[in-house]
Amino acid sequence: MPKWSLALALAATALPAVAHAQAGAPIAASKLNVDMQYFTLANGLRVILAKDSIAPTVTVGVYYGIGFRVEPKDRTGFAHLFEHLMFQGSKHAPKGVFDTTITNSGGVNNGSTRFDFTNYFEIVPSGALERMLWLEADRMENPVIDDVVLKNQQGVVGNEVKVNVLNQPYSTWPWIDLPMLANTNWYNSHNFYGELKEIEAATVPDAKSFSEAFYRPSNAVLVVAGDLDYAATRAMVEKYFAPIAKKPVVAQPDISEPRQTAEKFKSRIDALAPKPGYAAGYHVPDRGTPEWYAMGLIDQILLQGDDSRLFKKLVSDTGIAGELSGGINGDLGNMFNYRGPMLWSFSFTHDTTHTTAQITKAVDEVIEELRTRPVSEAELQRARTKMRSDLYGTIDGSGRIGLIDLLAVYALFDNDPTAVNRIEDGFAKVTPALIQKTAQEYLRKTNRSVYVVEPGAQPKGGK
């Protein structure tokens, strides 16, 4: 599962999407303003075109509304497996043609599977745009799914699981372990990377059924961003994608989670882990709500950066940890690119001189202070500034990967990619009172799950 970064550094002055409030205005007065056109084809495909002149390249992204969260039961890892299958050729572009066409033009391509979508993207010179649209349309409509490619990719994914997960220190901790502990709904709590026996059990009919069910225009978003002409690009999109047959909108299963009312704890011994690991996760408010925006700023206050409260406590003051990682959807994306239940989480490794109880006590001291004492306006403004910097950093000025990701998910989840231009407004409305109210509900101990990894070989006879 490729984990290309969505946090590509970029100076704000290089952003094609930023419009200054007035000539000579300081950068602090700027506001995100992505120029775009949004339309839907008759077959249900949502299309976003975003024009800029930053470089003579275009980025094409196709996002399908199927991630590992809603993959078939008894076929864990199937969404990821199918991502691999989509690189094995299509009816009019046999295996190898897709990659060769891109590399011969000087471009790059990749894909990934996330909680709520699977995506594919290409970055190519603008003169190669039409070829990319033809290729993506052909594999949307006519992917090659047969016994040869399935068995080949089952082997590839199986080896990936063995090499990248099972035989690595910490393995599935915390990015799989923590959601499995914190959630109760199978869709949110299964091993989405895949059980080997279930990956190996997948059949060609399974794969074809999956393609028919989820890889359809009405369950997809196409984004084209960069050096483009709106009218000409729209004509190309309609030429290649409009003929694909219309199918009904995909019915989504219930992925809701009940309110957590008791703290959860789990630990396991990892023979390959050199140090203990501590991870904690809290369920967050629904995406797009005022409390969700507040939680985004709470993340900045507590976790992000050397000035965050948890960093000061756990790294600077006590030396418990050397560094911290996490966030809202921090292990597999960012706070914007998911739909459904999600955790705010953090994790770190530490020396054996610090016990789990000591660490939890230190964490509680930080969390409870935020829950019981209002933040100052100065700290809240600093959190907004950090969030804004992260948001602008997400919008990659060269590859535009972060830009197409934001546009795609707001189209896919909200049918409104223009909402990216209002993200800053949501954070601007957050008050100290809303921060405290959100912290009191969502940072309570009974909403927390803690997963600990202990280093060392498994003792004889088990734990």
Side-chain angles (χ1 to χ4, degrees), residues 36-52 55-66 82-112 117-146 149 153 207-208 211-212 214-247 399-401 403-405 407-408 411-412:
M36 72 182 82
Q37 291 188 0
Y38 182 47
F39 57 95
T40 303
L41 299 183
N43 58 16
L45 179 68
R46 286 155 284 180
V47 183
I48 309 152
L49 308 181
K51 181 179 179 179
D52 69 62
T57 60
V58 288
T59 303
V60 177
V62 181
Y63 281 57
Y64 294 92
I66 171 62
F82 199 86
E83 174 211 325
H84 281 251
L85 291 179
M86 287 290 281
F87 285 95
Q88 299 308 298
S90 56
K91 181 178 180 180
H92 301 104
K95 183 176 179 179
V97 171
F98 200 109
D99 289 337
T100 301
T101 303
I102 293 169
T103 55
N104 286 349
S105 68
V108 296
N109 70 311
N110 210 333
S112 69
F117 63 82
T118 302
N119 70 321
Y120 307 88
F121 68 88
E122 302 84 41
I123 307 169
V124 295
S126 50
L129 173 58
E130 186 165 9
R131 280 170 282 171
M132 295 306 102
L133 295 176
W134 173 76
L135 286 167
E136 284 289 11
D138 197 51
R139 74 171 170 180
M140 177 184 287
E141 185 176 23
N142 304 300
V144 173
I145 303 173
D146 57 29
V149 300
Q153 292 309 303
K208 288 184 176 180
S211 179
E212 287 290 321
F214 298 110
Y215 278 68
R216 55 181 62 177
S218 59
N219 196 41
V221 169
L222 168 67
V223 186
V224 185
D227 179 30
L228 56 84
D229 175 270
Y230 279 131
T233 304
R234 179 165 184 160
M236 285 187 278
V237 168
E238 292 176 344
K239 176 181 179 180
Y240 296 111
F241 286 91
I244 301 175
K246 181 179 180 179
K247 296 178 182 178
R400 305 181 185 89
I401 297 171
L403 172 62
I404 68 163
D405 188 73
L407 294 173
L412 194 62

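Both backbone and side-chain heavy atoms feed into the values below; hydrogens, waters and symmetry mates do not.
- Atom OG1 of residue Thr233 and atom CG of residue Leu228 lie 4.0 Å apart, to the nearest 0.5 angstrom.
- For the salt bridge (Lys or Arg N to Asp or Glu O under 4.0 Å) condition, the pairs that include at least one residue of residues 123-135, sequence neighbours left out, are Glu130-Lys239.
- Here Asp229 pairs with Ala231, Ala232 under the side chain to side chain contact (heavy atoms under 4.5 Å, CB included) rule; sequence neighbours left out.
- Remark: the backbone N or O of Ile102 is paired with a side-chain donor or acceptor of Ser105 at under 3.5 angstrom.
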Please test Leu222 against Leu133 for side-chain contact (heavy atoms from CB on, under 4.5 Å), starting from the C-alpha separation and ending with a verdict.
-> CA-CA 9 Å; Leu222 168 67; Leu133 295 176; 4.2 Å; yes
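- Put simply, the side chain of Val224 does not reach to within 4.5 Å of the side chain of Met236, judged on heavy atoms.
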Run the side-chain contact (heavy atoms from CB on, under 4.5 Å) check on Glu83 and Tyr120 step by step: do they pass?
-> CA-CA 9 Å; Glu83 174 211 325; Tyr120 307 88; 4.0 Å; yes
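- Contact record, Leu85 with Ala207: CD1-CB, 4.0 Å, taken as the closest heavy-atom pair.
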Please step through side-chain contact (heavy atoms from CB on, under 4.5 Å) for the pair Glu136 and Phe98, ending with a clear verdict.
-> CA-CA 9 Å; Glu136 284 289 11; Phe98 200 109; 3.9 Å; yes
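- Every residue two or more places apart in sequence or in another chain was checked for a salt bridge (charged side-chain N to carboxylate O under 4.0 Å, His left out) with Lys208, and none qualifies.
- By the 4.5 Å heavy-atom criterion applied to side chains, Leu41 and Val47 are counted as neighbours.
- By the ring pair (Phe, Tyr, Trp, His ring centres under 6.0 Å) test, Phe214 pairs with Phe210, sequence neighbours left out.
- Asp138 pairs by the side chain to side chain donor-acceptor pair (under 3.5 Å) definition with Ser90, His92, Asn142, not counting sequence neighbours.
- Between Arg139 and Phe87, some side-chain heavy-atom pair lies under the 4.5 Å cut-off.
- Evaluation of the side chain to side chain contact (heavy atoms under 4.5 Å, CB included) rule for Val144 yields Asp146, Val149 as partners, not counting sequence neighbours.
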Verdict with reasoning, Arg400 to Thr57, per side-chain contact (heavy atoms from CB on, under 4.5 Å) = CA-CA 10 Å; Arg400 305 181 185 89; Thr57 60; 2.9 Å; yes
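- Atom CZ in Arg216 sits 12.0 Å away from atom NZ in Lys246 (nearest 0.5 Å).
- Contact between Ala411 and Ile48 at its shortest, heavy atoms only, is CB-CD1, 3.5 Å.
- Going from atom CG of Asn110 over to atom CG of Asn119 covers 8.5 Å, rounded to the nearest 0.5 Å.
- Ala408 pairs by the side chain to side chain contact (heavy atoms under 4.5 Å, CB included) definition with Tyr63, Val221, Val223, not counting sequence neighbours.
- Counting all heavy atoms, side chain and backbone alike, Phe121 lies closest to Ile401 at CE1-CD1, 3.8 Å.
- Contact record, Ala242 with Asn43: O-ND2, 3.6 Å, taken as the closest heavy-atom pair.
- With sequence neighbours excluded, the residues satisfying ring pair (Phe, Tyr, Trp, His ring centres under 6.0 Å) with Tyr215 are Tyr64, Phe82.
- With rounding to the nearest 0.5 Å, the separation of CE in Met36 from CG in Asp52 is 12.0 Å.
- Listed here is the closest heavy atom pair of Ser126 and Asp227: OG-OD2, 3.1 Å.
- Considering all non-hydrogen atoms of both residues, Ile404 and Ala225 come closest at CG2-CB, 3.8 Å.
- Atoms CG and OG1, from Leu407 and Thr59 in turn, are 11.0 Å apart once rounded to the nearest 0.5 Å.
- Remark: Glu238 pairs with Arg234 by the side chain to side chain donor-acceptor pair (under 3.5 Å) rule, at least two apart or across chains.
- Proximity of Ile145 to Ser211: side-chain heavy atoms (C-beta onward) are separated by under 4.5 Å at one or more points.
- With sequence neighbours excluded, the residues satisfying salt bridge (charged side-chain N to carboxylate O under 4.0 Å, His left out) with Lys247 are Glu212.
- Within the structure, salt bridge (Lys or Arg N to Asp or Glu O under 4.0 Å) contacts touching residues 88-106 (residues at least two apart or in different chains) do not occur.
- By the side chain to side chain contact (heavy atoms under 4.5 Å, CB included) test, Thr40 is found to be paired with Arg46, residues two or more places apart in sequence or in another chain being considered.
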